[in-house]
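FYI, side chains are in, hydrogens and waters are out, and symmetry mates aren't considered; it's all heavy atoms of this structure.
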Amino acid sequence: MKKSTVCLLAALLCLTLAACAGEIPEDTAAPDPVISGPVTSANPAPASQSLPVEEPDPEPVWTVGEITVSLLQSAYPAGTKRLTLIFDNASDQELTYGEHFSCKKYEDGRWRDVDFLENTFFHDIAWAVSPGSSGMLKLGMDLLSEPLSEGLYRVTGGTMITGEDGEKLPAWQVSFRVASDAQPEPDYALYISSRPVPTVRGCLVTDRLPVLFINTTGEDGQVVDIPHLEKLREDGEWENVPFRDGVGFCGTPDPLPTGGRVWSEDIPTLWGALEDGRYRLGYRVTPSGGTEQTIYGEFTIYTPEGSQGLPLASK
């Protein structure tokens, strides 16, 4: 009994000396500490513990000065082959842009290049947008080496040029999300600049309000160029704005080609002076052999402070 006790005491002494020397046997090592509370600089996570990377929000609108470049929507379903990009030129100079673009996908906290299919090329052509008007560009996602899958994407274009002197603007850049619950682009849409339209004593500062008819069907359609104007009331309902006396239309449908076309309305001539507020224009469109539907575009009218006493805007 005494001999066994001595051996046990010796073993315990050896273990104690080893612990003091930092040589704890592997099977007796303490487990990793458990982090309680938020991870901060004073309470950091262990090196072995990886934190999830928060994905940025999509930014479908890009603006520089009086130029706005925007996608038709911020989310698309997987496998989308075409995206509609809108160039809104609110400046007093002509805007030109090309069709070249690049694409990246956000993965593991960084942007990864998405290559194009072999033999992909872009036409060396410049598209022009007049002052106060809008233009479109179709981004071919089917040119990429991989179809769009769920996640965040970013597309970047080339340099844009404004004015006769050829002033160069930074390359536009917009991003969008691909999600299972996203809807495809509508067959038809009406785009009106999101910039508020100023008035002087109820008359628009600009002679005409530019609108952009968008046709994503891939086939020609028809549109009846009889605008229907409504004003948003305080209760959230849309109220009809009647035409001025003597205003009339023939009602004959006009072509709405694939892609769309630019149009404009002389609001003071059709409706007269308008109050400040939110408005929407509506037009009836008909696909080739399809059912008629109405598309809308919204815009805001406001009176700048101090402009009530200025002369009337020209019509």
Next item on the list: Any chance you could lay out the side-chain contact (heavy atoms from CB on, under 4.5 Å) test for Cys103 and Leu144, step after step, and finish with the verdict?
Entry: CA-CA 8 Å; Cys103 184; Leu144 300 176; 3.9 Å; yes
Check: For residues 169-182, which residue pairs qualify under salt bridge (charged side-chain N to carboxylate O under 4.0 Å, His left out), counting only residues two or more places apart or in two chains?
Finding: Glu55-Arg177
Next item on the list: Could you grab the distance from atom CD of Glu230 to atom CG of Leu232, nearest 0.5 Å is fine?
Entry: 9.5 Å
Notebook entry, point to check: Between Tyr283 and Ile86, is there a shared hydrophobic cluster once you connect ILVMFWY residues whose side-chain heavy atoms come closer than 4.5 Å?
Noted result: no
Notebook entry, point to check: Is the backbone of Pro170 close enough, under 3.5 Å, to the side chain of Thr159 for a donor and an acceptor to pair up by distance?
Noted result: no
Notebook entry, point to check: Atom CG in Asn89, atom OG1 in Thr162: separation rounded to 0.5 Å?
Noted result: 8.0 Å
Notebook entry, point to check: Do Leu71 and Ile295 sit in the same hydrophobic cluster, where Ile, Leu, Val, Met, Phe, Trp and Tyr count as joined when their side-chain heavy atoms come under 4.5 Å apart?
Noted result: no
Check: Does any N or O in the side chain of Ser133 come within less than 3.5 Å of the main-chain N or O of Ser130, such that one atom is a donor and the other an acceptor?
Finding: no
Checklist line | Whether over 12 other heavy atoms sit under 6.0 Å from Asp235 CG | finding: yes
Next item on the list: Report yes or no: does Thr80 contribute a side-chain atom to a donor-acceptor pair with the main-chain N or O of Arg82 at less than 3.5 Å?
Entry: no
Next item on the list: Would you please test Asp187 and Thr217 for side-chain hydrogen bond (donor to acceptor under 3.5 Å, both in side chains) and show each step?
Entry: CA-CA 5 Å; Asp187 290 341; Thr217 64; over 6 Å; no
Next item on the list: State, with a plain yes or no, whether a side-chain heavy atom of Asp88 is found less than 4.5 Å away from one of Val69.
Entry: no
Next item on the list: Following the transitive rule for hydrophobic clusters with a side-chain heavy-atom cut-off under 4.5 Å over Ile, Leu, Val, Met, Phe, Trp and Tyr, establish whether Leu212 and Leu209 coincide in one cluster.
Entry: no
Item checked: Heavy-atom pair of closest approach, residues Tyr279 and Gly277 -> CD1-O, 3.5 Å
Notebook entry, point to check: When clusters are formed by joining ILVMFWY residues with side-chain heavy atoms under 4.5 Å apart, either directly or through shared neighbours, do Leu274 and Tyr296 land in the same one?
Noted result: no
Checklist line | Over 12 non-hydrogen atoms of neighbours within 6.0 angstrom of NZ in Lys81 | finding: no
Notebook entry, point to check: Do any N or O atoms from the side chain of Asp266 and from the backbone of Leu270 form a donor-acceptor pair under 3.5 angstrom?
Noted result: no
Next item on the list: Work out which heavy atom in Ser264 is nearest to a heavy atom in Pro210; give both atom names and the distance.
Entry: CB-CA, 4.0 Å
Margin query: With rounding to the nearest 0.5 angstrom, report the CD to OG distance, Glu150 to Ser180.
Written below: 4.5 Å
Notebook entry, point to check: Does the side chain of Val61 reach to within under 4.5 Å of the side chain of Thr68, using non-hydrogen atoms?
Noted result: yes
Checklist line | Test item: Glu94 and Thr96 side chains (from C-beta on) under 4.5 Å apart, heavy atoms | finding: yes
Next item on the list: Answer yes or no: is there a donor N or O on one side and an acceptor on the other, between the side chain of Ser145 and the main chain of Asp115, under 3.5 Å?
Entry: yes
Note to self: Do Glu298 and Arg278 make a side-chain contact, defined as non-hydrogen atoms from C-beta onward lying under 4.5 Å apart?
What the structure shows: yes
Notebook entry, point to check: Taking the side chain from Ser175 and the backbone from Glu59, do they hold a donor-acceptor pair closer than 3.5 Å?
Noted result: yes
Note to self: If we check side chain to side chain donor-acceptor pair (under 3.5 Å) with Thr258, which of these qualifies: Asn215, Asp220, Thr216?
What the structure shows: Asp220
Checklist line | Cluster overlap Val197 with Tyr191, hydrophobic side-chain contacts below 4.5 Å | finding: no
Next item on the list: Measure across Gly260 and Leu256 and return the closest heavy-atom pair with its distance rounded to 0.1 Å.
Entry: CA-CD1, 4.2 Å
Note to self: Quick check: closest heavy atoms across Asn240 and Leu229, and the distance to 0.1 Å?
What the structure shows: OD1-O, 3.5 Å
Check: Is the shortest distance from a Lys or Arg side-chain nitrogen in Lys231 or Glu239 to a carboxylate oxygen in the other one below 4.0 Å?
Finding: no
Check: Taking atom CG of Leu85 and atom CH2 of Trp62, what is their separation to the nearest 0.5 Å?
Finding: 10.5 Å
Item checked: Student check: side-chain heavy atoms of Arg280 and Trp238 closer than 4.5 Å -> yes
Next item on the list: Indicate yes or no: does Asp225 engage Arg261 in a salt bridge with an N to O separation below 4.0 Å.
Entry: yes
Next item on the list: Looking only at non-hydrogen atoms, find the nearest pair between Pro184 and Gln73 and report the distance.
Entry: C-NE2, 3.7 Å
Note to self: Would Gln173 and Thr156 count as a side-chain hydrogen bond (donor to acceptor under 3.5 Å, both in side chains) here? Give the steps.
What the structure shows: CA-CA 4 Å; Gln173 188 173 90; Thr156 304; 2.9 Å; yes
Note to self: In the structure I gave you, are the side-chain heavy atoms of Arg154 and Pro58 within less than 4.5 Å of one another anywhere?
What the structure shows: no
Notebook entry, point to check: CD1 of Ile67 to CG of Leu95: how many Å apart, nearest 0.5 Å?
Noted result: 4.5 Å
Next item on the list: Let me see the working for Ile214 and Leu190 under side-chain contact (heavy atoms from CB on, under 4.5 Å), right down to the final yes or no.
Entry: CA-CA 6 Å; Ile214 300 172; Leu190 188 66; over 6 Å; no
Check: Just by modelled atom types, is the Leu137 backbone N or O under 3.5 Å from a matching donor or acceptor in the Glu99 side chain?
Finding: no
Margin query: Exactly one of Leu152, Val114, Leu148, Asp113 should register a side chain to side chain contact (heavy atoms under 4.5 Å, CB included) with Lys105. Which one does?
Written below: Val114
Note to self: Ring of Trp271, cation from Arg244 - is the NZ or CZ under 6.0 Å from the centre and inside 45° of the axis?
What the structure shows: no
Check: Do Tyr76 and Phe176 make the cut of ring centroids closer than 6.0 angstrom?
Finding: yes
Next item on the list: Report yes or no: do Arg284 and Thr294 form a side-chain donor-acceptor pair below 3.5 Å?
Entry: no
Next item on the list: Determine the interplanar angle of the Phe116 and Phe101 rings, folded into 0 to 90°, and report it as parallel if under 30°, tilted if 30 to 60°, perpendicular if over 60°.
Entry: perpendicular
Check: Does some side-chain heavy atom of Met160 sit less than 4.5 Å from a side-chain heavy atom of Trp127?
Finding: no
Next item on the list: Would you confirm whether the ring centroid of Phe213 sits within less than 6.0 angstrom of the ring centroid of Tyr188?
Entry: no
Check: Under a 4.5 Å cut-off applied to non-hydrogen side-chain atoms, are Phe249 and Pro227 in contact?
Finding: yes
Note to self: Rounded to the nearest 0.5 Å, what separates atom CG in Leu83 from atom NZ in Lys138?
What the structure shows: 8.5 Å
Notebook entry, point to check: What is the minimum heavy-atom distance between Ala78 and Ser149, and which atoms define it?
Noted result: CB-CA, 4.4 Å
